[in-house]
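No experiment lies behind these values; they were computed from the predicted model shown. Residue numbering restarts at 1 for every chain, and letters A, B, ... go by the order of the sequence lines.
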Amino acid sequence: GAGVSQSPRYKVAKRGQDVALRCDPISGHVSLFWYQQALGQGPEFLTYFQNEAQLDKSGLPSDRFFAERPEGSVSTLKIQRTQQEDSAVYLCASSLAGTPTDTQYFGPGTRLTVL
Amino acid sequence: GQQLNQSPQSMFIQEGEDVSMNCTSSSIFNTWLWYKQDPGEGPVLLIALYKAGELTSNGRLTAQFGITRKDSFLNISASIPSDVGIYFCAGHPNSGYALNFGKGTSLLVTP
């Protein structure tokens, strides 16, 4: 079946612009995660949804970052007034159940470059 | 999140050689996971470990969950060119849903 998909795959923004990144999880997966991966680093947790509820947003770096999953399936990560330090790959992952140790399946990521 | 220290940072080996990489943490983890990431792709799960002392194999890959719950290693036997990529350790701490990742080990295999 289809895996996690993300769009766009690449995004270039001018500093100060707002961007929206989309994640389509595997159908039926309850849990959805967003991670930020800087160049040469491992992914870092941003936020977690169980269905439509955002249960953990402790990793969001500032109030410019906002995520939503209104119907419990597709999720959008929005970054307002982008800064150069926001340049990174943004990864989305989903897992079938709501247990912390359930296997997370990752999408290919969106590479964001802020000029 | 809690820092995972992964080593070595990179490895350059010949096809057929065995490879070993490890990961340590100052905190206890409930699970240890090993992922591989190819350029332009997301991480793909290789092996998951759920109990202290557990030793698990997946083909040419073997991984162990340390007794102290603060470390794990991954071995790759008889490496082949398609093993090239970045390998990440990751773990679930005692609370929360986030996965904490190491900084990765970049593996290059020459034919």
If Ile, Leu, Val, Met, Phe, Trp and Tyr residues are connected whenever their side-chain heavy atoms lie under 4.5 Å apart, and connections chain through other members, are [X] and [Y] in the same group?
{"X": "Met11(B)", "Y": "Val84(B)", "value": "yes"}
{"X": "Phe49(A)", "Y": "Leu46(A)", "value": "yes"}
{"X": "Ile86(B)", "Y": "Tyr105(A)", "value": "no"}
{"X": "Val19(B)", "Y": "Trp32(B)", "value": "yes"}

At a 4.5 Å cut-off on heavy atoms, which part of Gln6(A) comes close to chain B: side chain, backbone, both, or neither? neither

Taking side chain as everything from C-beta outward and backbone as N, CA, C, O, which of these in Glu44(A) sits under 4.5 Å from a heavy atom of chain B? Side chain, backbone, both or neither.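 Neither; nothing under 4.5 Å.
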
May I ask you to test the Tyr35(A)-Phe101(B) pair for a side-chain heavy-atom distance under 4.5 Å? yes

For the backbone of Gly40(B) and the side chain of Arg9(A), can you confirm whether one donor and one acceptor N or O come within less than 3.5 Å of each other?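 Indeed, once roles are kept as given, a pair shorter than 3.5 Å links the two residues.
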
Does [atom1] belonging to [X] count more than 12 external heavy atoms closer than 6.0 Å?
{"X": "Leu55(B)", "atom1": "CG", "answer": "yes"}
{"X": "Arg15(A)", "atom1": "CZ", "answer": "no"}
{"X": "Phe65(A)", "atom1": "CZ", "answer": "yes"}
{"X": "Glu85(A)", "atom1": "CD", "answer": "yes"}

Nearest non-hydrogen partners of Gln37(A) and Phe88(B), listed with the distance: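 The pair with the smallest heavy-atom distance is NE2-CZ, 3.5 Å.
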
For a quick test of reading the model, state the closest non-hydrogen atom pair linking Gly42(B) to Leu91(A) and the distance between them.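 Taking every non-hydrogen atom into account, CA-CD2, 4.1 Å.
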
Pairs of heavy atoms under 4.5 Å with chain B: top-ranked of Gly40(A), Pro43(A), Ser31(A), Gly109(A):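 Of the options given, most contacts go to Pro43(A).
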
Can you tell me which portion of Ala48(B) sits under 4.5 Å from chain A's heavy atoms? Options are side chain, backbone, both or neither. neither

Interface moiety of Leu99(B) toward chain A, non-hydrogen atoms closer than 4.5 Å: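 For Leu99(B), backbone and side chain are both near chain A.
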
Count the heavy-atom pairs under 4.5 Å between each of Gln9(B), Gln6(B), Gln37(B) and chain A, then report the option with the highest count. Gln37(B)

Could you grab the distance from atom CG of Leu32(A) to atom OH of Tyr97(B), nearest 0.5 Å is fine?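 Spacing of CG (Leu32(A)) from OH (Tyr97(B)) equals 14.0 Å.
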
Do Phe106(A) and Tyr35(B) have ring centres separated by under 6.0 Å? yes

